[in-house]
Amino acid sequence: MLATSVTMAQTTEPWPAQPTVYFPQAPPVGKWRRSIGLVFTTTPPELTEEVRVSVPAVDFNIQRAFGKKFYMVGRIQTQFVQSNIGLGLRWATPITDRLSVSAGYDVTGWFGALLIKDVFNSQAYGVETFPNLSVGYRLTKDLLLTVKSEAIIYLYYRSQVGSLAVEYNRREINGVAFAFVLEQPFYNKRHVSVGIRAAYSNFNWQLWSLYDTFDRNLFYPQLIFGFIL
């Protein structure tokens, strides 16, 4: 009888928390969660024709909990000549010992400049917001799957080439994005995030310097890889 009780207690005990960045769970209260990695974005053929370029960006994430379910997220992506800085809030809660969900809202600002002395002087910046929902499922004890959906809402855009400037100041849905990310142990107690993100939108900040003339949504696939620190 005693052995049966012990076995039942072990099977109902919740699994231990695991370092994550995408999985919908807050970090430990009072502690920071960080990751660093790369995001590779492939250019759409409509913009570069037969040339398919995978553009890497350094990707740094940071999170801080305000409680057991409410936390702040920050993100910096940079390619040195252009960068994207974001800040957001998340509310996450477990549904079962395997399933968790979260809702969030992010605001990002991007800027870039291409300066070639006496030849070319181009710069641009803008602001976007991303209302988002995430569903996370623990496949095994230490393998986590997250599916994240985002609406892409554009707030502001300005670009300038020499003395010529173009400016948009309107709030409109610019597209949607879906991400599928796996998080698991890697080595020496380190964990990694590996996934893909598919954005279908009218604009991508990394490709602003191409000055596309398409007034329609294009497909921007991304590969995500990061070390959780």
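The structure displayed is predicted, hence computed values, not measured ones. Below, all heavy atoms of this structure are taken into account, side chains as well, without hydrogens, waters or symmetry copies.
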Minimum side-chain heavy-atom gap Ile224-Tyr22 below 4.5 Å
yes
Heavy atoms of other groups near Ile173 CD1, more than 12 under 6.0 Å
no
Distance-only, no hydrogens or angles: does the Asn132 side chain make a donor-acceptor pair with backbone N or O of Ser149 under 3.5 Å?
no
Ile62 vs Trp32 side-chain heavy atoms within contact, under 4.5 Å
yes
Worked check of side chain to side chain contact (heavy atoms under 4.5 Å, CB included) between Tyr105 and Leu89:
CA-CA 6 Å; Tyr105 191 84; Leu89 296 174; 5.8 Å; no
Is the closest side-chain heavy-atom distance between Val58 and Leu38 below 4.5 Å?
yes
Between Pro24 and Lys148, is there a side-chain heavy-atom distance shorter than 4.5 Å?
no
Heavy-atom pair of closest approach, residues Asp142 and Pro185:
O-CD, 3.1 Å
Checking Gln63 against Val21 for the side chain to side chain contact (heavy atoms under 4.5 Å, CB included) test, could you report, in this order, the C-alpha distance in whole Å, the side-chain angles of both residues, the deciding distance, and whether it holds?
CA-CA 8 Å; Gln63 299 179 353; Val21 172; 3.8 Å; yes
Report yes or no: do Phe111 and Val166 belong to one cluster of Ile/Leu/Val/Met/Phe/Trp/Tyr joined by side chain heavy-atom distances under 4.5 Å?
no
Side chains of Tyr125 and Trp208: closer than 4.5 Å at any heavy-atom pair?
no
For Gly126 against Tyr154, the heavy-atom pair lying closest together:
CA-OH, 4.1 Å
Quick one: are Thr20 and Arg33 in side-chain contact, heavy atoms under 4.5 Å?
yes
Here the gap from Ser83 atom OG to Gln206 atom CD, rounded to the nearest 0.5 Å, amounts to 10.0 Å
Hydrophobic cluster identity match, Leu87 and Val39, side-chain contacts under 4.5 Å:
no
Heavy atoms from other residues, nucleotides or ligands near OH of Tyr168 exceed 12 (cutoff 6.0 Å)
no
Any chance you could lay out the side chain to side chain contact (heavy atoms under 4.5 Å, CB included) test for Leu139 and Leu182, step after step, and finish with the verdict?
CA-CA 10 Å; Leu139 298 173; Leu182 288 172; 4.0 Å; yes
I'd like to check Thr129 versus Val107 (side-chain heavy atoms, cut-off strictly below 4.5 Å). Are they in contact?
yes
Please report the closest heavy-atom contact between Tyr71 and Ala92, naming both atoms and the distance.
CE2-CB, 3.9 Å
Does any pair with a residue in residues 69-93 pass salt bridge (Lys or Arg N to Asp or Glu O under 4.0 Å), and if so which ones, sequence neighbours excluded?
Asp59-Arg75, Arg90-Asp106
Residues Arg98 and Phe23: closest non-hydrogen pair is O-CZ, 4.2 Å
Report whether Tyr156 and Phe203 are members of the same hydrophobic cluster (ILVMFWY, side-chain heavy atoms less than 4.5 Å apart, transitive linking).
no
Shortest non-hydrogen pair, Pro44 vs Tyr220, comes out as CG-CE2, 3.4 Å
Shortest non-hydrogen pair, Glu167 vs Arg158, comes out as OE1-NH1, 4.1 Å
State, yes or no, whether a side-chain contact exists between Val135 and Leu99 at a heavy-atom distance under 4.5 Å.
yes
Shared ILVMFWY cluster between Phe80 and Trp205, side chains joined below 4.5 angstrom?
no
Spacing of CG belonging to Leu229 relative to NE2 belonging to His191, to within rounding of 0.5 Å:
12.5 Å
Side-chain donor or acceptor of Glu150 paired with backbone N/O of Ala199 under 3.5 Å:
no
For the pair Trp110 and Tyr157, name the ring-plane relationship: parallel under 30°, tilted 30 to 60°, perpendicular over 60°.
tilted
From CD (Gln82) to CD (Gln77), nearest 0.5 Å
11.0 Å
Drop me the distance from Leu144's CG to Tyr137's OH, to the nearest 0.5 angstrom.
11.5 Å
CG on Asn174 to CG on Asn217, rounded to 0.5 Å
6.5 Å
Are Ile196 and Ile228 connected into the same hydrophobic cluster when the rule is that any two of I, L, V, M, F, W, Y join if their side-chain heavy atoms are below 4.5 Å apart?
no
Could you please spell out the steps behind the side chain to side chain contact (heavy atoms under 4.5 Å, CB included) verdict for Phe60 and Arg34?
CA-CA 7 Å; Phe60 178 72; Arg34 297 173 292 270; 4.3 Å; yes
Parallel under 30°, tilted from 30 to 60°, perpendicular over 60°: which one fits the rings of Phe225 and Phe227?
perpendicular
